[in-house]
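All remarks here apply to the structure that follows.
As a basis for the values below, the full set of heavy atoms in this structure was taken, side chains included, without hydrogen atoms, waters or symmetry mates. Order of the sequence lines sets the chain letters (A, B, ...), proteins ahead of strands, with each chain counted from 1.
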Amino acid sequence: MEQIISVSGVYKSYQKEQAIKDLNFSTKEGEIVGLLGPNGCGKTTTVRLLNGVIAAEQGKIEVFGLDPKEAGDKIRLLSGVLTESAGLYPNLSGKANLEFFYELYGVEQKERIDNLLKDFGLWEHKDKKVGSYSTGMKKRLGIAKALLHSPRLLFLDEPTNGLDPEGARDLLEYIARLNEEKGVTVLICTHILTHIETLCDRFLFMADGTVIEEGTLSQIEAKYLKEFLIEIETDITEYALSSDLREELVESNSNKLIFKVKRKEHIPDLLKALLELGPVYTSRILGRDLETMYFKIREAKK
Amino acid sequence: MNRRAIHAIAKKDLWSITSNVQIFLPIIIVPLILLVLLPAGLLIAARYFDLSQTTNMEPILNMFAQLPEGSLKVTLDSFGDVNKQMIFLFINYFFAPLFLLVPIMAASLVAANSFAGEKERRTLESLLFAPVDIFSLFFGKVLAAFILAMALAIGGFVLFGLVVNVLAYPLFNQLIFPEPNWWVLIFFVSPALSFLTILFNIFVSAKVKGFQEANQMSVFIVLPIIGLVLSQVTGALFLDSLVLWIIGLVALLVALIVLWRMLKHFDRNKLFESQIF
C-alpha cells in the first residue's frame, strides 16, 4: 500500500505555547486510523497542519507526496474535512450549503448533492435553514459536505459527537463502506473510543503534541496487557475446581468464573481443563477494549 | 484565480447580507433618508418658504458671488430667483457628498461582515479548508461588497433623480437633475471610494474578532465624507466635476496601494491563526 501521509519531526506553537512537538507518524492508503488523545493534545492541530491551513515551524509533512505549505490547494482538493463545529451557514438551507461548497470544490456531478442528502437522511429537510437543524443533522450535513468532491482522504474531527446511537452507528457503517468500496483513507479524531474500536485498522495515541504510541489493537494489547482476565460462563462451581485452577481464580459468582493468566497461550489449556469438569457456554478476555488500552498507555507514558 | 469560487462566495455573501436584518436594514434605511426623505422635505419646504431668508445661509449666498464664469453661473442666473438657485445648488452639489455615504456605508457594512462574520458564524475554518486560493476568497468577498455598493449607488441615483425632478418640476418647469458632476460621482468617485472602503474594511475584518468591532473601525472612512459635506455647506470646497475627478483619482490611487500591500501580505496561514485561535 502506498504511503499517503508522512509526518516527521514536526513542531508547531501558537503564541509561545508548544502545540505540536516532534510529531512523527505515517498512514498508508486505504487505512482507517484513529487519532486519540485528551483535549488539547494536538489532534485538531495535526489535521490543520496536514491540510496546509497552518504551517509547521520545523519538520517535514507530506500528504499524497505533496508539501502542504507549497501545495495546500491540491491536497485540500483530494481530502475532505469535517471540523468539530461542522462549519455550515445557519441562514442557508441544507441544500444551499451543499451547493455553495459544491462550487468551491469545483464538483461537476449535479446529482451528487441530492444523492448525499438522501444517503444521510436529510432529503426531507433539504430546504430548511441549517440554523433550525438538530446537532445530529448538522453533523450529518457536515459529513455530506466533506464528501461532496469524493475525496481520497477523509479527516473527521469528532464525527459522532451529538449523534444518537442509531445516527452514530449509521455513520460508522457508512465510513466503513466508503473505505471498503472506494478505498478512502480515513483519519478519525474522537473521544468516544467505543465507536471506533472495531472501525479503525490502527490507532495513534497522542499526548502533549506528540504521538506516544501507535499500532493495531492487538499490537497494543500484546505490549500493554501483562495479564489476562478470562470470564467464563459455566455451570462449574468454584468447589469443583482443581487446586491449580483455584490458584488462577480471581472471582466467582452465579454461573460466572473469572480467571487470571499470565500469558495468552495459557488460555486454551485453561479452557480444556474446565471442559473436563463441565459445560462452558462462553468465554471472553476482559479489559482488552480500546478504552482500557488508552488508559494503560496514558499511565505507562506518564 | 478561481472564477467559479469567486462567483460562489460573492453570491453566498450577498444572500447572507440581504437575509440578515441587522446588516441589511441600515443599508436600506440610510439611502431612503438621504436620497428620498431629505430631498423631498427640502423641495416641499421650498414651495412654501423662501430658503434664502433662512438663517445660516450667508456662506452659501457668498458662494454664489464667488462662482467662476461658466455654464453653472449661466444656469443659476437663468433662474433669476435666489430660492431656485439655492434649490439647484443643494440638489446638485450639497447632496453629492451625502450621496457618497450610501455606497460607502453599504460597502463598509458588507466588507466588515466578510471575514469577521465568517469567524462569528464559525464558518471561516471550513472556508479556509476549501481548495480555493486565498486571493479568490478575498476577491469573492470584495466582489459581493462592490456589487451591493454599486447597486445601491445606481439605484439611489435613479430614485433621487425621480424624487427631485418630480417635486422640482412645478417650480422650475424643467428637469434640474443631474448636473455633469453627478456622472463623475456615480461612475468614478463612487466605485473608487467604495473599492477603497471595501479593501480597508476587509483588511480590518481579517484582523479583528467580530463584526461589531470591524464595523466600528469603518468610521475612519465615513469621517472624511462628513468632512466633505461640511466643506460644501461652509463653502470651503465646491464639488464640481474637476474636484470630483481629483477625489476619485486619489481614492483609486490609495485603493491600489492598499490592494498591492494586501496582496503581498494576505496569507492563509496568518488569517487562520489570527481568526481561528
Side-chain angles (χ1 to χ4, degrees), chain A residues 12-15 17 19 44-45 47-57 68-69 71-93 96-108 129-131 138 141-142 145-146 148-149 151 155 157, chain B residues 1-24 110 113-115 117-141 143-144 206 209 211 266-277:
Chain A
K12 175 72 191 168
S13 59
Y14 301 126
Q15 292 150 359
E17 203 172 306
T44 304
T45 303
V47 172
R48 288 167 175 172
L49 284 166
L50 293 172
N51 279 279
V53 293
I54 54 170
E57 285 138 13
K69 270 190 207 172
D73 283 336
K74 280 186 188 164
I75 292 170
R76 289 188 287 271
L77 196 59
L78 294 167
S79 57
V81 184
L82 170 73
T83 54
E84 204 177 343
S85 65
L88 302 161
Y89 292 91
N91 56 345
L92 297 182
S93 70
N97 262 282
L98 291 189
E99 281 167 348
F100 172 60
F101 287 101
Y102 175 93
E103 296 296 328
L104 282 196
Y105 280 83
V107 188
E108 294 292 352
K129 284 192 175 180
V130 166
K138 282 181 194 160
L141 188 66
K145 182 199 84 179
L148 259 177
H149 56 300
F155 295 97
D157 200 353
Chain B
M1 283 290 173
N2 181 337
R3 284 174 65 185
R4 197 172 160 189
I6 292 173
H7 179 254
I9 292 163
K11 192 175 147 193
K12 187 269 299 168
D13 269 18
L14 281 171
W15 170 253
S16 297
I17 294 149
T18 48
S19 59
N20 185 338
V21 179
Q22 188 198 0
I23 299 171
F24 199 53
V110 178
N113 183 48
S114 62
F115 288 105
E118 297 274 2
K119 150 94 180 152
E120 274 183 354
R121 288 188 296 265
R122 302 183 72 189
T123 47
L124 185 60
E125 192 175 7
S126 59
L127 205 57
L128 292 173
F129 266 117
V132 178
D133 61 288
I134 196 75
F135 299 115
S136 298
L137 288 181
F138 169 74
F139 282 116
K141 302 239 161 244
L143 188 64
K209 295 285 179 192
F211 165 68
F266 221 58
D267 175 84
R268 180 181 231 105
N269 297 157
K270 278 187 204 159
L271 182 65
F272 198 96
E273 289 193 31
S274 70
Q275 292 291 294
I276 306 295
F277 301 106

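- Heavy-atom distances place the side chain of A/Val81, and not its backbone, under 4.5 Å from chain B.
- Using a 4.5 Å cut-off between heavy atoms, B/Ile9 touches chain A through backbone and side chain atoms alike.
- Both the backbone and the side chain of B/Ser16 come within less than 4.5 Å of a heavy atom in chain A.
- Of the possible polar contacts, one joining the A/Lys12 side chain to the A/Ala55 backbone as a donor-acceptor pair under 3.5 Å is found.
- The 12-atom threshold is not exceeded at CD of A/Glu17, counting heavy atoms of other residues, nucleotides or ligands nearer than 6.0 Å.
- Checked by atom type and distance alone, the side chain of A/Asp157 never pairs as donor or acceptor with a backbone atom of A/Leu82 at under 3.5 Å.
- Comparing A/Gly106, A/Gly142, A/Pro90 by how many heavy-atom pairs each has under 4.5 Å with chain B, the most go to A/Gly106.
- Contact count versus chain A (heavy atoms, under 4.5 Å) is highest, among B/Ala8, B/Ala130, B/Gly140, for B/Ala130.
- Paired with A/Glu103 under the rule salt bridge (Lys or Arg N to Asp or Glu O under 4.0 Å), one option of B/Lys12, B/Arg4, B/Lys11 passes, and it is B/Arg4.
- B/Glu125 has its side chain within reach of B/Phe129: a pair of non-hydrogen atoms, C-beta onward, lies under 4.5 Å apart.
- Proximity to chain B is limited to the side chain of A/Phe101, based on heavy atoms less than 4.5 angstrom apart.
- Only the backbone of A/Leu88 comes within contact range of chain B, with heavy atoms under 4.5 Å apart.
- Listed options A/Ile75, A/Val107, A/Leu78 were ranked by heavy-atom pairs under 4.5 angstrom with chain B; first place goes to A/Val107.
- Side-chain contact between B/Glu118 and B/Leu137: absent, with no pair of heavy atoms (C-beta onward) separated by less than 4.5 Å.
- Without hydrogens or angle criteria, B/Arg121 side chain to A/Tyr89 main chain gives no donor-acceptor distance under 3.5 Å.
- Heavy atoms closer than 4.5 Å to chain B are found nowhere in A/Lys69, neither backbone nor side chain.
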